[in-house]
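Residue numbering restarts at 1 for every chain, and letters A, B, ... go by the order of the sequence lines. For clarity, every value in this text was computed on a predicted model and none was experimentally measured.
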Amino acid sequence: MDRPIQEFNKSNFFSNNCIHTKQVYSLLDVSPKDELYKRMSKHIETCSTCQTAFKTFQLKSEASRVYIPKVLMDRDLRQSFEREVGELFKVMDLNEREILKRNVKKSFIFIDKMGIEFIQNLLSKTMLKTYFFALAIFICLKLFL
Amino acid sequence: MKTEELQKYIQNLSPELYSFAYVLVPDDLQASQLMIDCVQSFLIQKKVLIEKMGLTKNRILKNLLDETKINIVKIIYELSRKRYQQLKISLAEVEGNGGFFSLDFDEKAILFLKEKTQFEIEQIEFITSMSKTEVLAYLYSARIKMTSLMPNNLFQNEIESGGIA
Ligand SMILES: [Zn+2]
């Protein structure tokens, strides 16, 4: 690949008359808002060397686009990709129904925990003391009133 | 936004993803395996985000989908870069045929993204984790190599007559 490039550079594609010539490519790829673009487009208005170099570069780049392959995906490959993506969403529990199910399950676990804690609290020492105290008050009230 | 929509969106991205993957790793089975690995990697990386999005309304749907696309393309770039090193020998034949496939890995990637996708230079910077200067340098050398495929005097007439917009 090196030889054609050297030959290409040796050819008078970029003349050495202007030091900015090598930057003309920026006009093709940089956004017009970019500082580099503004600078080069201003320069190119007054420099015929760069103007010609840019035109050549632009044309050649445009024409060489046909060498960039347009790759088409085989129908079988496409179907198998779609199937596998579907599987991935399933395996990773990413379908909405799965997420909802999981959240509902989580809330049930939470409610369950609350229930167990509630019963545990009912049977705790503090609560037993409270029951005993309440019973004592109840008996006292029954006896004296 | 439903996660089913995201699933469908990713499934429909397949032609675009495939052509990028194939350009980087020119083997149909390797390229399609690469795509699946990328989607899996994306889902693992963004699982929490996707779940949250799955249960919220689709106000920012477009943004999320755009973000999904650029992130998957970024992962394709990163994964294929690693895999390219492993497969280099078996890909030598395709690259030996010259033309586009004989460009360097990053030249191919960046030229393809610039010419065959809608991504802006800033987005290409994100995908390749490169600075603007680096991206432009690769683009420049790729263009020079590509234009070297063209005969030198092909456009002399048009240039002399100033017939280019
Ligand atoms: Zn100049």
Atom of Phe81(A), atom of Ile36(B) and distance for their closest heavy-atom approach = CD1-CG1, 3.8 Å

From Leu111(B) CG over to Ile68(A) CD1, what is the distance, rounded to the nearest 0.5 angstrom?
-> 4.0 Å

Between Phe20(B) and chain A, which part of the residue has a heavy atom less than 4.5 Å away: side chain, backbone, both or neither?
-> neither

So how far is it from Thr147(B) OG1 to Arg65(A) CZ, rounded to the nearest 0.5 Å?
-> 14.5 Å

Between Val30(A) and Ile121(B), is any pair of side-chain heavy atoms under 4.5 Å apart?
-> no

Using a cut-off of 6.0 Å, state whether more than 12 heavy atoms not belonging to Phe112(B) lie near its atom CZ.
-> yes

CD of Glu120(B) to OG of Ser31(A): how many Å apart, nearest 0.5 Å?
-> 7.0 Å

Taking the side chain as every heavy atom from C-beta outward, state whether Phe89(A) and Leu6(B) have any atom pair closer than 4.5 Å.
-> yes

Report the C-alpha distance between Asp34(A) and Lys132(B) in whole Å, list the side-chain angles of each, state the deciding distance to 0.1 Å, and finish with yes or no for side-chain contact (heavy atoms from CB on, under 4.5 Å).
-> CA-CA 11 Å; Asp34(A) 203 285; Lys132(B) 180 176 273 171; 2.7 Å; yes

Do you know the tightest heavy-atom contact between Phe100(B) and Pro69(A)?
-> CD2-CD, 3.3 Å

Do Ser19(B) and Met73(A) have side chains that get closer than 4.5 Å, going by heavy atoms?
-> no

Do you reckon Leu141(A) sits in the same ILVMFWY cluster as Phe133(A), going by side-chain contacts under 4.5 Å, direct or chained?
-> yes

Following the transitive rule for hydrophobic clusters with a side-chain heavy-atom cut-off under 4.5 Å over Ile, Leu, Val, Met, Phe, Trp and Tyr, establish whether Leu29(B) and Val23(B) coincide in one cluster.
-> yes

Closest approach of Leu72(A) to Tyr18(B) (non-hydrogen atoms, all atoms of both residues) = O-CE2, 3.5 Å

Atom NZ of Lys116(B) with >12 non-hydrogen neighbours under 6.0 angstrom = yes

Interatomic distance, CD@Gln79(A) vs CD@Gln11(B), rounded to 0.5 Å, equals 11.5 Å

Evaluate the criterion side-chain contact (heavy atoms from CB on, under 4.5 Å) for residue pair Tyr140(B) and Phe57(A); output intermediate values, then yes/no.
-> CA-CA 10 Å; Tyr140(B) 175 64; Phe57(A) 192 57; 4.2 Å; yes

Rounded to the nearest 0.5 Å, how far apart are CD1 of Ile10(B) and CG of Leu88(A)?
-> 9.0 Å

Give, as side chain, backbone, both or neither, the part of Ile44(B) having an atom under 4.5 angstrom from any heavy atom of chain A.
-> both

Going from OG on Ser61(A) to CD on Glu115(B), what distance comes out if it is rounded to the nearest 0.5 angstrom?
-> 7.5 Å

Within one Ile-Leu-Val-Met-Phe-Trp-Tyr cluster: Ile137(A) and Phe144(A), side-chain cutoff 4.5 Å = no

Work out which heavy atom in Lys114(B) is nearest to a heavy atom in Leu28(A); give both atom names and the distance.
-> NZ-O, 4.0 Å

Enclosure of Lys38(A) NZ (heavy-atom neighbours >12, cutoff 6.0 Å) | yes

Which of Arg78(A), Lys70(A), Glu62(A), Glu84(A) touches chain B most, by non-hydrogen pairs under 4.5 Å = Arg78(A)

Heavy-atom distance under 4.5 Å between the side chains of Asp29(A) and Arg143(B), does that happen here?
-> yes

Leu77(A), part contacting chain B, at a heavy-atom distance under 4.5 Å = side chain

